[in-house]
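Letters go in sequence order (proteins before strands), and every chain restarts at 1.
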Amino acid sequence: MSIYDTLNEPQREAVLHTDGPLLILAGAGSGKTRVLTHRIAYLIDELGVNPWNILAITFTNKAAEEMRQRVDALVSIGAESIWVSTFHSACVRILRRFIDRLGYDSRFTIYDTDDQKTLMKEVCRKVDIDTKVYRERALLSAVSSAKNEMILPDEFELNAGGDFGKQKIAKVYREYEAMLKANNALDFDDLLVKTVQLLETQPDVLDYYQERFRYIMVDEYQDTNTVQFRLVRLLAGKYRNLCVVGDDDQSIYKFRGANIRNILDFEHEFSDAHVVRLEQNYRSAGNILRAANSVIKNNRSRKDKTLWTDKGDGEKIQLRQFDTAFDEAEYIAEDIKKEVREGASYNDSAVLYRTNAQSRLLEEKFIAMNIPYKIVGGINFYARREIKDLLAYLKTVDNGRDDLAVRRIINVPKRGIGLTTINRIQESADERGIGFYEALLAPELIPGVGRSAAKLDSFAALIEYFKGQNEKESITELLREIIEKTGYAESLKDEDKVEAEARLENLDELVNKAAAYEEDCRDRDEEATLSGFLEEVALVADIDSLDEAQDYVVLMTLHSAKGLEFPHVYLAGLEDGLFPSYLTITSDDNEDLEEERRLCYVGITRAEEKLTLTCARRRMVRGETQFNKMSRFIREIPMELIDTGNKKIEEGTQIPVQNTYSHAKQAFRTQPFSAQFSSAVSGKTAGKQPFSALQKGGQLLSGKGGGLSYGVGDRVRHMKFGEGTVREIKEGGRDYEVTVEFDSAGVRKMFAMFAKLVKIS
DNA sequence: GCCGCCAGTATTTTT
DNA sequence: TACTGGCGGC
């Protein structure tokens with residue numbers, strides 16, 4: 001009996017089909033990782049393929065690691081020479097070797113979103129764009145989607161035609177690119193774009209990698225974007241042994257440029273593609289699977305398929321609705337406690353939610369109840385200030401051309417080098433067409449820095465000293481030395497005690513990470529380099545740190561949960577407005593809601609034995625109370641699969657708008673609502689006691705709904721526009737749109753929530 | 001040049 | 001609510 005006998009029929013078909021393009025449509029929990037690992041084993045052990053010729057691309061480093069281990073257990077030898085990595089790290093590896101062909105130095109730095117923003121700000125300053133009109137974030141996302149589509153500045157400008165706004169963006173894009181290059185830096189998207197450019201323009205490099213990667217496998221193919229597609233097509237162009245695995249129902253990264261057409265059109269792109277469908281689910285109990293199927297079937301643009309299982313029905317799906325998000329969190333925490341008392345482990349459970357902000361309440365409850373937990377995502381460790389500072393030192397030592405890094409640390413800790421000096425250095429550098437650091441090495445050539453010259457000299461001497469040390473000592477030692485010799489640790493002591501302590505701990509943690517990296521390299525017999533460490537740091541995802549062996553409850557977003565599974569899954573915050581999010585509900589593009597539904601499908605199918613859905617009628621979002629209906633996705637699940645625990649579930653009274661605590665308070669403080677106002681908001685909801693919950697607190701409101709303290713015809717005052725008369729109040733979305741005729745500022749439409757109009761009598 | 005306060009903004013998801 | 005960035009005072 002061979003290892004391949006344990007596979008089911010379509011799985012075996014996928015494993016044995018090794019030549020030519022292959023599309024594996026693998027439903028959730030259908031054993032696609034098994035197929036991939038067995039396929040690799042088959043290639044090596046049965047067909048005698050050299051592991052060296054195999055490339056497997058996964059979504060996260062964690063998945064890569066896992067795959068390597070599982071292959072290792074299957075094949076006799078050589079698993080370690082297979083390339084298993086994410087798109088991004090594979091590209092970095094290629095670029096480190098050949099990027100000089102594109103005019104970069106191989107010690108380029110990788111910019112994260114923070115760095116991008118800083119750079120973009122500078123770009124805007126340079127090309128004279130008001131960041132209040134065009135926000136950095138918006139500009140960056142425009143640039144990013146262009147890159148994801150492989151549209152370079154020239155083409156972008158061409159496409160812009162006469163459109164003024166687009167022309168501006170084209171200008172920004174061009175300058176942004178120029179500055180990245182000047183800093184010898186690449187952003188995330190560049191890693192892919194530049195690799196494709198490299199392969200397209202350098203035939204010998206392309207040939208090298210085509211020869212090397214004779215067998216290519218891509219996991220989570222539904223989430224690839226256009227550049228990634230182009231990359232894969234290039235690499236597989238010669239031998240065409242390309243196997244992609246994916247599930248169009250789990251495509252959840254459209255916002256990041258993922259192109260679901262990549263998987264839907266695979267058969268068109270590769271006309272001789274063989275297609276295998278894996279529809280038997282080995283993960284979830286029958287009821288859970290049925291729920292998942294009944295939700296996803298509401299999507300129109302998908303390849304039709306239905307997962308099935310030969311497992312029993314299992315438990316019903318638990319549904320609980322609460323008054324507030326506090327109650328919700330408490331229930332989840334208590335429920336987990338209860339199950340642990342009954343013999344479960346903490347790591348049997350995971351809590352999934354739509355937005356990172358939701359983790360807060362859960363975390364508080366978990367702490368209060370002494371439940372071990374781990375939050376995945378949220379603020380990245382490497383995004384913390386002290387960590388970024390230290391990394392900026394390392395980047396400066398490693399790549400002297402990264403001006404952003406140098407400017408970040410030139411006065412951290414305080415050396416008395418101020419903004420004026422920094423600007424003068426920059427100006428001088430720009431004039432002479434050299435880098436910031438290079439300019440600062442010779443302060444005597446810079447007009448107007450006379451007094452700071454000595455300080456600049458000692459800063460430069462410090463960096464140069466570190467550069468020297470970098471040659472001699474390990475990264476760990478260098479890092480320790482930087483922390484000490486710059487006085488960084490010392491400077492923290494002046495800060496708030498608790499804060500400083502946390503930061504110092506983080507610094508220790510960073511040193512530990514460096515040590516771990518070096519050890520890793522030693523194990524793998526590779527040289528540990530500063531560039532290598534910085535790259536690893538830039539490309540880790542928080543999910544990579546997840547450790548199944550540890551006994552904790554995992555809390556994370558639905559996006560992070562992709563590819564994972566747990567015996568008991570809690571889906572929290574299933575409310576219209578939160579999940580599906582308010583933006584997708586109001587979007588006129590139906591695709592958006594479909595993507596949200598896929599996200600729900602991903603969430604449900606993470607559960608093996610038990611699924612608990614929870615929602616709250618009332619929840620604080622950004623300091624405001626929101627009233628939400630139960631999620632429409634819940635209503636797509638047949639009632640007979642659901643157990644509400646004998647509690648009453650209401651579809652939810654949707655309160656139209658104006659639910660904010662502060663407005664309620666303000667409304668109470670001023671005076672009852674005018675007659676015009678209640679007629680303006682229609683009687684539909686007026687009788688439903690929208691503030692029932694708030695009444696508990698007592699003094700807030702009388703009984704009727706509403707919340708504005710003024711009505712049509714009233715005189716109001718606005719902070720900026722002065723006094724005026726209310727002409728119209730319209731109900732819209734979450735807020736009221738108020739039209740006011742100001743005495744001096746004319747007629748203005750504004751949202752009540754932001755306008756903070758005050759009634760004057 | 002540095003520090004502290006205030007105002008404006010944000011939240012959908014992340015390699 | 002919570003964070004960030006800008007501005008003004010010392």
Inset, instruction - Check whether any side-chain nitrogen or oxygen of A:R137 sits under 4.0 Å from OP1 or OP2 of B:dT11, and answer yes or no. - result: yes
Inset, instruction - Rounded to the nearest angstrom, tell me the gap between atom CG in A:L456 and atom P in B:dG1. - result: 11 Å
Inset, instruction - Report yes if a side-chain nitrogen or oxygen of A:T421 is closer than 4.0 Å to either non-bridging phosphate oxygen (OP1 or OP2) of B:dG1; otherwise report no. - result: yes
Legend entry - Atom pair distance, as rounded to whole Å: CD1 in A:I585 and C1' in B:dT12: 12 Å
Inset, instruction - Give A:A357 one of three labels, base, sugar-phosphate or nothing, depending on what nucleic acid heavy atoms sit under 4.0 Å from its own. - result: nothing
Inset, instruction - Kindly say if A:S581 contacts the phosphate of B:dT11, meaning a side-chain N or O under 4.0 Å from OP1 or OP2. - result: no
Legend entry - Phosphate contact (B:dT9 OP1 or OP2) by A:R135 side-chain N/O below 4.0 Å: yes
Inset, instruction - Please state whether the phosphate of B:dG1, meaning OP1 or OP2, lies under 4.0 angstrom from any side-chain nitrogen or oxygen of A:T420. - result: yes
Inset, instruction - Check if the side chain of A:R354 and the base of B:dT13 share a donor-acceptor pair of N or O atoms closer than 3.5 Å. - result: yes
Inset, instruction - Measure from CG on A:D190 to P on B:dT15 and round the result to the nearest Å. - result: 18 Å
Inset, instruction - Looking at every strand, decide which applies to A:L539 at a 4.0 Å heavy-atom threshold: base, sugar-phosphate, or nothing. - result: nothing
Legend entry - Protein-nucleotide distance (A:E575, atom CD; B:dT12, atom C1'), rounded to Å: 15 Å
Inset, instruction - For A:E624 and B:dA10, give me the distance from atom CD to atom C1', rounded to whole Å. - result: 11 Å
Legend entry - Heavy atoms from other residues, nucleotides or ligands near NZ of A:K374 exceed 12 (cutoff 6.0 Å): yes
Legend entry - NZ/NE/NH1/NH2 to OD/OE distance under 4.0 Å, A:E328 and A:K365: no
Legend entry - N/O (side chain, A:N356) to phosphate O (OP1/OP2, B:dT14) under 4.0 Å: yes
Inset, instruction - Report the relative orientation of the aromatic rings in A:F633 and A:F579; use parallel for angles under 30°, tilted for 30 to 60°, perpendicular for over 60°. - result: perpendicular
Inset, instruction - For C:dG6 versus B:dT11, give the span between their C1' atoms, rounded off to a whole number of Å. - result: 23 Å
Inset, instruction - For A:S560, report the nucleic acid contact type (base, sugar-phosphate, nothing); a contact means any heavy atom under 4.0 Å. - result: sugar-phosphate
Inset, instruction - Describe the nucleic acid contact of A:L419 in one word from base, sugar-phosphate, nothing, applying a heavy-atom distance below 4.0 Å. - result: sugar-phosphate
Inset, instruction - Output the single nucleotide from C:dA2, C:dG6, B:dT15 whose closest atom is nearest the side chain of A:R360. - result: C:dA2
Inset, instruction - Mind checking A:F59 for me? I need base, sugar-phosphate or nothing, with any heavy atom below 4.0 Å counting as a touch. - result: sugar-phosphate
Inset, instruction - Find the distance A:E363:CD to C:dA2:C1' and express it as a whole number of Å. - result: 15 Å
Legend entry - 5' priority, DNA chain B, between A:L583 and A:V540 [closest heavy atom]: A:L583
Inset, instruction - Give a yes or no on this: more than 12 heavy atoms of other residues, nucleotides or ligands lie within 6.0 Å of atom CZ of A:R233. - result: yes
Legend entry - Whole-Å gap separating P (B:dT13) and CD (A:E595): 13 Å
Legend entry - Which residue lies more 5' along DNA chain B, comparing A:D542 with A:K414 via nearest heavy atoms: A:K414
Inset, instruction - Using only side-chain N and O atoms of A:R256, determine if any of them is under 4.0 Å from OP1 or OP2 of B:dT12. - result: no
Inset, instruction - Flag as yes if A:F255 stacks onto the base of B:dT12 (centroids under 5.5 Å, planes under 30°), otherwise no. - result: no
Inset, instruction - Figure out the CZ/P separation between A:R598 and B:dT12, and round it to whole Å. - result: 18 Å
Legend entry - Nearest-neighbour nucleotide for the A:K121 side chain, B:dC2, B:dT12, C:dG6 considered: C:dG6
Inset, instruction - Report which part of the nucleic acid A:R415 touches: base, sugar-phosphate, or nothing (heavy-atom distance under 4.0 Å, all strands). - result: nothing
Legend entry - Phosphate OP1/OP2 of B:dT15: any A:N380 side-chain N/O under 4.0 Å: no
Inset, instruction - Flag the pair A:K194 and A:E177 as a salt bridge only when some basic side-chain nitrogen lies within less than 4.0 angstrom of an acidic carboxylate oxygen. - result: yes
Legend entry - Sole residue of A:T58, A:V232, A:L191, A:V227 in side-chain contact (heavy atoms from CB on, under 4.5 Å) with A:F87: A:V232
Inset, instruction - Over all heavy atoms of both residues, which pair between A:Q250 and A:Q222 is shortest? Give the atoms and the distance, please. - result: O-NE2, 3.5 Å
